[in-house]
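The structure appears right after this line, and notes come after that.
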There are 2 protein chains.
Amino acid sequence: MARKVTLKDIAEHLGVNTSTVSRALNPETSKMLTAEQNRRVREAADELGYVQNTMAYALKKGRSMTIGVIVPDLMNPVFPPIVKGVMNHLNKQSYTSIIAYSENDIDLALTEIKRMKGRQVDGFILASPFREDASVDYCIEHKIPVITVHRTVDKNVVDKIVIDNESGMQQALEHLLLLGHRRIALIAAPQNISDGYQRYWAYRNLLTENGIEIDEDLIVQADAFSLEAGREATRELLARGASFTAVIASNDLIGIGCIEELEKQNLRCPDDVSVVGFNNMPYLDQFRVPLTTIDIPRARMGEKAAKLILERLKNPDMPLQHIVLEPRLLVRRSTALCKG
Amino acid sequence: MARKVTLKDIAEHLGVNTSTVSRALNPETSKMLTAEQNRRVREAADELGYVQNTMAYALKKGRSMTIGVIVPDLMNPVFPPIVKGVMNHLNKQSYTSIIAYSENDIDLALTEIKRMKGRQVDGFILASPFREDASVDYCIEHKIPVITVHRTVDKNVVDKIVIDNESGMQQALEHLLLLGHRRIALIAAPQNISDGYQRYWAYRNLLTENGIEIDEDLIVQADAFSLEAGREATRELLARGASFTAVIASNDLIGIGCIEELEKQNLRCPDDVSVVGFNNMPYLDQFRVPLTTIDIPRARMGEKAAKLILERLKNPDMPLQHIVLEPRLLVRRSTALCKG
DNA sequence: GTGAAAGCGCTAACAG
DNA sequence: CTGTTAGCGCTTTCAC
């Protein structure tokens with residue numbers, strides 16, 4: 001690796017002190033110097049190809065201009081747009097993000113957080129937490145600024161960017177009710193994850209509010225946000241033998257898996273069963289059965305999260321923020337009039 | 001932010017010198033100390049919650065244990081698995097990766113590289129390069145270890161992990177020929193990107209080798225690796241009026257866009273036209289027309305890339321590596337016997 | 001086997 | 001306005 005150009009190199013080249021160079025290169029302090037001096041230094045820096053050593057800067061200033069971002073799984077198409085939203089905003093403010101994934105493993109998440117703490121990240125954006133989450137606790141305990149996005153914890157100890165799952169469920173339900181469905185099943189997602197939990201309770205509460213009695217046989221648990229989990233849950237639902245004309249799946253992958261299993265058992269979607277998903281994952285409109293779903297503003301969530309962590313950094317004593325974004329129903333071809 | 005625990009804290013706590021603590025905590029040097037001393041230090045470190053300050057380490061050692069990874073676009077489903085493969089391997093070796101995306105913009109890529117250079121990354125893995133690419137040149141010029149993955153540059157100046165596009169095209173072509181197709185169109189991808197270029201020439205060469213005359217009217221250019229570009233290219237192909245019974249698309253997204261446009265113009269896939277794609281993007285089997293495609297080992301490419309950059313770091317004078325991985329045909333439902 | 005001290009590249013008092 | 005100097009947290013040579 002070629003020897004790096006340092007402040008000292010520029011200083012010697014110009015016959016001035018390193019601090020002069022440092023001042024000239026920093027917009028905050030450059031006004032201390034004559035315009036002429038500034039020009040000279042900047043020119044020399046350009047000429048020699050100077051790039052500031054962020055490590056030294058960080059060591060000195062005690063902040064690294066870095067934000068750690070942890071997502072459960074890069075392969076789940078929900079997260080890349082969030083990450084992109086985060087990076088977009090952070091880069092603009094000359095922050096860098098370090099991404100890691102937790103594989104939905106709480107220990108891994110904590111390991112990553114410690115690793116990043118060692119890298120002096122200034123704060124965290126977590127899309128990975130469970131409703132109870134040791135990694136969030138760790139951050140709080142160590143007074144490391146942290147905000148949660150998409151998923152969050154139950155305890156009211158941290159800034160949150162979430163979507164209004166109640167509203168999402170309401171829109172899904174209203175849509176199905178309008179189509180005449182009354183026997184509406186739910187494939188719930190893991191209850192230790194906020195989205196799974198909130199959607200589950202929203203379903204129960206809203207059904208009741210609409211005067212529909214809850215049939216416990218119509219509620220099954222998927223043990224992950226995945227296709228396979230959707231298939232399996234549907235298998236169980238069908239095995240129970242209770243009749244239904246519509247299914248609300250806790251996310252799109254589960255919904256797609258559901259449709260697959262329905263068809264395998266000779267039920268067509270939407271002719272026999274309507275299905276609605278959650279999240280509006282990319283390219284969903286291109287799927288075999290274009291899924292009616294609840295669209296969530298992922299990139300915007302990411303941006304808001306980035307904005308919020310920077311505010312929190314600037315103002316650690318700001319009251320806890322809780323930002324709720326509105327999802328919206330996207331009707332496609334997996335839902336139809338109830339024929340029952 | 002809570003005060004960080006440093007070596008000095010542990011040293012004072014124990015009444016020893018910081019260098020002793022440093023030695024105890026580093027496996028390489030801990031053998032200098034008595035077992036007893038080692039134990040004491042480790043215990044104290046645990047107790048106080050010590051985490052090494054990577055910035056200080058990096059500043060001292062001149063290496064940051066960080067690799068910069070640049071992909072053109074996180075949203076293109078080809079890249080997350082590559083990134084994941086990279087991170088998997090790097091993490092195991094206690095390296096951290098910093099991800100950035102270039103949006104296929106050469107200036108942005110270069111900006112990101114300079115930014116990361118400032119963060120003292122030890123090397124780069126680039127999935128972003130064009131066939132001629134200033135960011136690769138920059139790395140070479142500044143003697144920063146760099147390897148390219150998936151895409152690469154023409155010049156033979158850098159380590160590469162690529163797939164055998166010739167073989168991929170051959171498998172696609174053979175499959176179509178076996179089904180009786182002779183009038184096979186190509187939707188080429190941007191020619192300034194290695195995959196686009198290689199697939200284009202493989203098509204030309206292999207067609208000729210198989211005794212099929214090339215009809216220039218059957219070759220159209222998509223101006224991106226996207227759905228929309230696929231639609232547009234297909235529109236042009238159809239407008240030219242030349243007859244064809246099969247299309248090879250330079251990637252899956254283009255292929256899907258192609259099918260969409262075909263159907264819009266009342267041509268069914270695979271009944272009227274067979275289509276094959278490239279890359280086997282996730283969930284492709286769930287699409288309306290499950291695309292026959294050329295599968296590439298993305299996670300493995302990422303892992304190999306990570307492995308290679310670490311080797312290159314260890315041994316800068318190692319001869320240039322050029323690793324070629326084999327793709328393989330995946331037959332699904334977008335290809336059928338030629339009825340022409 | 002362990003301590004003392006220098007120094008990685010940078011910034012920020014403090015002087016002048 | 002600019003130079004001097006100390007020090008961020010760590011590793012490592014050199015002493016002892």
Side-chain angles (χ1 to χ4, degrees), chain A residues 1-42 44-45 48-66 94 117-122, chain B residues 1-42 44-45 48-66 94 117-122:
Chain A
M1 174 113 60
R3 212 179 109 21
K4 300 266 170 49
V5 180
T6 70
L7 283 189
K8 204 173 156 200
D9 296 325
I10 304 180
E12 281 171 3
H13 182 80
L14 254 40
V16 298
N17 192 281
T18 56
S19 43
T20 304
V21 180
S22 169
R23 284 172 187 133
L25 261 24
N26 181 337
E28 308 259 294
T29 50
S30 63
K31 56 182 77 116
M32 293 179 170
L33 311 186
T34 58
E36 169 61 11
Q37 192 75 285
N38 268 315
R39 200 191 47 70
R40 279 181 70 212
V41 173
R42 274 156 201 276
L48 300 180
Y50 173 75
V51 182
Q52 191 197 48
N53 185 327
T54 311
M55 299 294 187
Y57 173 91
L59 186 56
K60 179 68 196 172
K61 300 272 277 191
R63 50 180 199 154
S64 62
M65 304 296 283
T66 305
S94 34
K117 185 180 179 234
R119 304 191 94 85
Q120 310 306 109
V121 303
D122 297 329
Chain B
M1 176 112 64
R3 211 179 111 20
K4 302 266 170 50
V5 179
T6 69
L7 283 190
K8 204 172 154 203
D9 296 325
I10 303 180
E12 281 171 2
H13 182 81
L14 254 39
V16 299
N17 192 283
T18 56
S19 41
T20 304
V21 180
S22 169
R23 283 173 187 132
L25 262 24
N26 181 339
E28 308 258 296
T29 51
S30 62
K31 56 180 77 110
M32 292 178 171
L33 311 185
T34 57
E36 168 61 10
Q37 191 73 284
N38 269 313
R39 200 190 46 70
R40 280 183 67 215
V41 172
R42 276 156 201 276
L48 299 179
Y50 173 74
V51 182
Q52 191 196 50
N53 184 327
T54 311
M55 299 294 184
Y57 174 92
L59 186 57
K60 181 68 197 172
K61 299 271 277 192
R63 53 182 196 151
S64 62
M65 306 295 283
T66 305
S94 34
K117 185 180 178 233
R119 302 190 95 84
Q120 310 305 109
V121 303
D122 297 329

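Residue numbering restarts at 1 for every chain, and letters A, B, ... go by the order of the sequence lines.
- Within the nucleic acid shown, Asn53(A) comes within 4.0 Å of sugar-phosphate atoms alone, with no base atom in reach, counting heavy atoms only.
- dT2(D) atom C1' lies 12 Å from atom CG of Asn38(A), rounded to whole Å.
- Heavy-atom minimum distance, Lys117(A) versus Val51(B): NZ-CG2, 4.3 Å.
- Proximity of Tyr50(A) to the phosphate of dC10(C): a side-chain N or O atom is located under 4.0 Å from OP1 or OP2.
- With hydrogens and angles ignored, a donor-acceptor pair closer than 3.5 Å exists between the side chain of Lys60(B) and the base of dG7(C).
- Between Ala56(B) and Asn17(B), the one whose closest nucleotide on DNA chain D sits nearer the 5' end is Ala56(B).
- Ser64(A) places a side-chain N or O within 3.5 Å of a backbone atom of Gln120(A) that can act as its donor or acceptor partner.
- If you check every strand for non-hydrogen atoms under 4.0 Å, Ser19(A) touches a base.
- Rounded to a whole Å, the CG atom of Leu7(A) is 16 Å from the C1' atom of dG7(D).
- Between Lys61(A) and dA12(C) there is a side-chain polar atom (N or O) within less than 4.0 angstrom of OP1 or OP2.
- Without hydrogens or angle criteria, Thr18(A) side chain to Lys8(A) main chain gives no donor-acceptor distance under 3.5 Å.
- In this structure the side chain of Val21(A) never reaches within 4.5 angstrom of the side chain of Tyr50(A), judged on heavy atoms.
- What separates CE of Met32(B) from C1' of dG3(C) is a distance of 13 Å, to the nearest Å.
- One finds a side-chain N or O of Gln37(B) lying less than 4.0 angstrom from the OP1 or OP2 phosphate oxygen of dT2(C).
- Along DNA chain C, the nucleotide nearest Leu59(B) and the nucleotide nearest Lys31(B) are compared for position; the residue whose nucleotide lies closer to the 5' end is Lys31(B).
- Going from atom CD1 of Ile10(B) over to atom P of dC10(D) covers 8 Å, rounded to whole Å.
- Note: NZ (Lys8(A)) to C1' (dC8(C)) measures 10 Å, nearest angstrom.
- Rounded to whole Å, atom C1' of dG7(D) lies 16 Å from atom OH of Tyr57(A).
- Between Gly15(B) and Gln52(A), the residue anchored closer to the 5' end of DNA chain C is Gly15(B), taking for each the nucleotide with the nearest heavy atom.
- A straight line from CE of Met65(B) to C1' of dG9(D) spans 17 Å, rounded to a whole angstrom.
- Here the rule is side-chain contact (heavy atoms from CB on, under 4.5 Å) with Leu33(B), and of Val41(B), Val16(B), Asn38(B) only Asn38(B) fits it.
- Looking at heavy-atom distances under 4.0 Å, Thr20(A) makes contact with sugar-phosphate atoms alone, never a base.
- Following rounding to the nearest Å, Lys4(A) (NZ) and dG9(C) (P) show an atom-to-atom distance of 9 Å.
- Contact of Arg23(B) with dT13(D) (side chain to base): a donor-acceptor pair of N or O atoms is detected under 3.5 Å.
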